[in-house]
Amino acid sequence: MPDISNLSSEIEKQLPAELVDFMRRAGEVAASQGQSLYLVGGVVRDLLLGRTNFDLDLVVEGDAINLAQQLAGITQGKIITHPRFHTAKLKWNKWSVDLATARSETYDKPGALPRVKPGSLANDLFRRDFTINTMAVELIPSRYGRLIDLYGGRDDLKHKLIRILHERSFIDDATRIWRSLRYEQRLDFKLEPDTLRLLERDIPMLDTISGDRIRHELELILKEEFPEKILCRTEELKVLPKLHPALKGDGWLAERFGQARQLSYPDLPSVELYIALLAYPLTGEESEELISRLRLPKSLAQTLRDTSSLKAKLESLADPELAPSSIYHLLHGYSQPAITANYLAADSSTARQHIQTFLSKLRYVKPSLTGNDLKKMGIAPGPQIKEILQRLHEARLDGKVTSKKGEERLVSGWLG
Ligand code: ATP
Ligand code: MG
């Protein structure tokens with residue numbers, strides 16, 4: 001890691017030219033308005049670590065919305081403003097930058113959203129989660145590139161430590177418990193010993209966090225490169241069981257997550273697939289408890305329910321004598337991630353093979369004849385048409401018929 005107090009050459013080397021130009025211009029505009037402007041948070045940490053990160057977070061000592069409006073003119077970008085929070089998001093070309101007015105936060109009660117008021121840069125950095133995320137870089141021309149490190153972030157980066165800023169940090173906001181383990185495992189750091197002690201002390205505070213906020217943190221974990229490392233660590237520290245006591249961050253999960261990545265390559269597995277695997281050991285009733293704890297949106301909740309009811313059918317799917325039409329009926333109607341999760345979790349190789357046949361072939365099988373064709377053959381509109389189409393579908397699935405002509409012969413035969 002570079003031991004430096006000015007990051008301008010890191011910025012130049014590691015960020016795309018368009019963003020570098022943007023930051024210089026932004027610094028100039030801020031200075032001309034008599035405001036101070038800083039690059040803060042994750043991107044500063046990652047510049048020092050040499051990790052790719054183009055998510056710029058800017059803090060303005062002054063008025064972020066006004067600055068964002070000026071910059072929207074210069075970049076010909078669009079802004080979305082949140083006057084209540086004094087923040088703005090600026091988007092142009094493929095870039096997106098967050099601007100926030102420096103603020104201080106206080107917590108009325110644990111787990112509640114903070115009360116926010118304008119403050120200094122030091123206040124703004126002190127409200128953050130870990131020292132490694134509290135560094136800032138000056139952007140106004142006379143001080144461009146200067147590193148501001150008020151809370152020992154660079155030292156902790158050097159020693160690979162995740163450290164909270166004060167003793168009540170996890171009490172104020174217990175989502176930081178999850179966040180700390182996400183950074184620890186992503187960066188291959190360690191929790192600093194006092195932070196670890198306070199984390200263990202404050203685990204009961206996880207109950208103060210709303211379902212939406214916990215779900216958000218879980219989703220962030222599942223978007224990491226190796227989510228299983230984080231989940232295993234949350235199990236070790238008894239954080240995962242607070243989400244639901246039947247969840248397991250173990251070797252089984254690690255293996256399935258790895259297989260899910262192989263299967264999805266070159267894409268990453270969806271959050272849905274990962275959650276279905278995470279919830280796999282749960283009973284139907286336990287899945288419902290998890291669904292309500294995390295306030296899962298409808299489609300994710302459906303995936304967990306599908307996963308669980310399909311799990312109950314794996315035994316039937318393991319029968320080597322199953323006709324293709326039976327395989328079809330066992331699997332159709334379930335969400336794709338639920339089917340894939342069961343494919344990855346199934347012990348029986350026959351069941352896996354059947355699922356694969358369904359996914360690659362059976363789910364696409366359709367009769368060639370349509371309802372209209374049947375009407376033209378003289379069948380009266382009504383329930384009989386539906387019934388015949390279903391029988392044709394079965395015959396197609398089981399390979400008893402392979403052409404439109406064959407289907408017509410079959411139907412004629414049925415009609416006598
Ligand atoms: P990354 O996006 O790489 O995970 P980041 O540092 O950009 O890291 P974000 O989640 O984008 O993280 O948040 C931006 C900044 O906001 C962080 O650097 C952190 O300092 C702060 N932050 C986010 N969540 C919290 C929280 N719950 N408590 C305190 N500070 C937070
Ligand atoms: Mg970020």
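We count ligands from 1, going down the list as the structure has it; atoms in each ligand are counted the same way.
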Are any side-chain N or O atoms of [X] and backbone N or O atoms of [Y], one a donor and one an acceptor, separated by less than 3.5 Å?
X: H166; Y: R168; answer: yes
X: S292; Y: R295; answer: no
X: Y151; Y: A122; answer: yes

If the cut-off is 4.0 Å to any non-hydrogen atom of [X], which atoms of ligand 1 fall inside it?
X: R128; result: 15 (C), 16 (O), 20 (O), 29 (C), 30 (N)
X: Y183; result: 1 (P), 4 (O), 5 (P), 6 (O), 8 (O), 12 (O)
X: R186; result: 1 (P), 3 (O), 4 (O)
X: T175; result: 27 (N)
X: G41; result: 18 (O)
X: R182; result: 4 (O)

Is atom 11 (O) of ligand 1 less than 4.0 angstrom from at least one protein heavy atom? no

Could you check whether atom 2 (O) of ligand 1 has a protein contact, counting only heavy atoms that fall below 4.0 angstrom? no

Report the nearest protein non-hydrogen atom to [atom]: residue, atom name, distance rounded to 0.1 Å.
atom: atom 14 (C) of ligand 1; value: D57 OD2, 4.0 Å
atom: atom 7 (O) of ligand 1; value: G42 CA, 3.9 Å
atom: atom 28 (N) of ligand 1; value: R176 NE, 2.8 Å
atom: atom 25 (C) of ligand 1; value: R179 NE, 3.7 Å
atom: atom 20 (O) of ligand 1; value: D129 OD1, 3.1 Å

So is D173 close enough to ligand 1, meaning a heavy atom under 4.0 angstrom away?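 Yes, that is the case, since the closest heavy atom of the residue is under 4.0 Å from the ligand.
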
Using side-chain contact (heavy atoms from CB on, under 4.5 Å), reason through Q69 and I79 one step at a time and then give a plain yes or no. CA-CA 7 Å; Q69 280 158 347; I79 53 172; 3.4 Å; yes

Give me the ring orientation class for F130 and F170: parallel if the planes are under 30° apart, tilted from 30 to 60°, perpendicular past 60°.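 It falls in the tilted class, 30° to 60°.
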
Look at the rings of H393 and Y328 and say which category their plane angle falls in: under 30° parallel, 30 to 60° tilted, over 60° perpendicular.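 H393 and Y328: perpendicular rings.
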
Return the minimal non-hydrogen interatomic distance between T303 and A276, and the atom names on each side. CG2-CB, 4.0 Å

What is the minimum heavy-atom distance between L181 and T234, and which atoms define it?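 Smallest interatomic distance, heavy atoms only, reads CD1-CG2, 3.7 Å.
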
By the definition ring-ring contact (aromatic ring centres under 6.0 Å, His included), identify the one residue from F257, Y280, F226 that meets it with Y274.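 The single option meeting the ring-ring contact (aromatic ring centres under 6.0 Å, His included) with Y274 is F257.
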
For the aromatic rings, using the six-membered ring if either is Trp, is the centroid distance between Y183 and F189 under 6.0 Å?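 Centroid distance Y183-F189: not below 6.0 Å, so no.
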
Can you tell me which portion of [X] lies within the under-4.0 Å heavy-atom range of ligand 1? Options are side chain, backbone, both, or neither.
X: R127; value: backbone
X: E224; value: neither
X: N133; value: both

Considering both backbone and side-chain atoms of D55, is one of its nitrogen or oxygen atoms within less than 3.5 Å of a nitrogen or oxygen in ligand 1?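 No - when backbone and side-chain N and O of D55 are compared with those of ligand 1, no distance drops under 3.5 Å.
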
Other residues, nucleotides, ligands: >12 heavy atoms within 6.0 Å of K313 NZ: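 For K313, atom NZ is crowded (more than 12 foreign heavy atoms under 6.0 Å).
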
